[in-house]
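Input: a single structure, listed below in structure tokens.
As the structure is a computational prediction, the values presented were derived from the model and not from experiment. The basis for the numbers below is simple: all heavy atoms, side chains too, and nothing from hydrogens, waters or symmetry mates.
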Amino acid sequence: QVQLVESGGGLVQPGGSLRLSCAASGFTLDYYAIGWVRQAPGKEREGVSCISGSDDNKYYAHSVKGRFTISRDNANNTVYLQMNSLKPEDTAVYYCATDRSRCIATMGDRYDYLEVWGQGTLVTVSS
């Protein structure tokens, strides 16, 4: 069964850090672009970061650039999102998904073109 499973969310104070994981099963992540999309309560989805397939190019939304880092661990079939200097506005459910468009879909708000989605992990930034 092809699936993605996110983990690592939780409650953190402003300025804190979290690392989200996106683990794949049933397929190998190596050649897939993987995007991270978040949705805050009452807001539209936002593509925050994406790592492309074979060349591992990395993309970030303006709102997270310099604070978030995406990476891939092929040995563990997992993609990570390291989130530093977290702000209350980062509060959202974070989803990872496969992106066959080399991150164009994730970063271009074309989420209908993302294929396999995880169940999401909640990040709450609050004092």
Where is the tightest heavy-atom contact between [X] and [Y], given as atom of each residue plus distance?
X: Val48; Y: Val64; answer: O-CG2, 3.4 Å
X: Leu4; Y: Ala24; answer: CD2-CB, 3.7 Å
X: Ser85; Y: Ser17; answer: N-OG, 4.3 Å
X: Ala61; Y: Glu46; answer: CB-OE2, 4.0 Å
X: Lys87; Y: Val125; answer: O-CB, 3.2 Å
X: Phe27; Y: Val2; answer: CD2-CG1, 3.3 Å

### Task
Tell me, with the steps shown, if Lys58 and Ser49 meet side chain to side chain contact (heavy atoms under 4.5 Å, CB included).
CA-CA 7 Å; Lys58 301 172 183 179; Ser49 185; 5.8 Å; no
### side-chain hydrogen bond (donor to acceptor under 3.5 Å, both in side chains): pairs with one or both residues in residues 113-123, sequence neighbours excluded
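Listed once each, the pairs are Arg100-Glu115, Arg110-Tyr113.
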Side-chain heavy atoms nearer than 4.5 Å, only ILVMFWY residues, links allowed to pass through others: does that put [X] and [Y] together?
X: Val37; Y: Val79; answer: no
X: Val93; Y: Ile34; answer: no
X: Leu81; Y: Tyr95; answer: no

### Task
Might you confirm whether atom CZ of Arg102 has over 12 heavy atoms from other residues, nucleotides or ligands at distances under 6.0 Å?
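Atom CZ in Arg102 is not packed in, count stays at 12 or less.
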[atom2] on [Y] to [atom1] on [X], rounded to 0.5 Å:
X: Arg67; Y: Leu86; atom1: CZ; atom2: CG; result: 6.5 Å
X: Leu18; Y: Asn84; atom1: CG; atom2: CG; result: 9.5 Å
X: Leu114; Y: Asp99; atom1: CG; atom2: CG; result: 5.0 Å
X: Tyr94; Y: Ser7; atom1: OH; atom2: OG; result: 15.0 Å

### Query
Does Glu6 reach the main-chain N or O of Gly120 with its side chain, forming a donor-acceptor pair under 3.5 Å?
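The answer is yes, because a donor-acceptor pair under 3.5 Å joins these two groups.
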### Query
Are the side chain of Tyr59 and the backbone N or O of Ile104 linked by a donor-acceptor pair below 3.5 Å?
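Side chain of Tyr59 to backbone of Ile104: no pair is present.
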#### Entry: Derivation and outcome, side chain to side chain contact (heavy atoms under 4.5 Å, CB included), residues Met83 and Asp90
CA-CA 9 Å; Met83 306 187 298; Asp90 295 317; over 6 Å; no
### Query
Do Tyr111 and Asp109 get their side chains close enough for a donor-acceptor pair, meaning under 3.5 Å?
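Checked: Tyr111/Asp109 side chains pair up, N/O donor to acceptor below 3.5 Å.
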### Query
How far apart are the C-alpha atoms of Leu11 and Ser126, what are their side-chain angles, what is the distance that settles it, and do they pass the side chain to side chain contact (heavy atoms under 4.5 Å, CB included) test?
CA-CA 7 Å; Leu11 173 64; Ser126 175; 4.2 Å; yes
#### Entry: Residues forming a side-chain contact (heavy atoms from CB on, under 4.5 Å) with Thr78, sequence neighbours excluded
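Counting only residues at least two positions away or on another chain, Thr78 forms a side-chain contact (heavy atoms from CB on, under 4.5 Å) with Ser21, Ala23, Asn76, Tyr80.
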### Task
Taking the side chain as every heavy atom from C-beta outward, state whether Leu29 and Arg72 have any atom pair closer than 4.5 Å.
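The answer is yes, as the side chains (C-beta and beyond) meet within the 4.5 Å cut-off.
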### Task
Using the side chain to side chain contact (heavy atoms under 4.5 Å, CB included) rule, take Tyr60 and Ile70 through it: C-alpha gap first, then chi angles, then the decisive distance, then the call.
CA-CA 9 Å; Tyr60 300 95; Ile70 193 169; 3.5 Å; yes
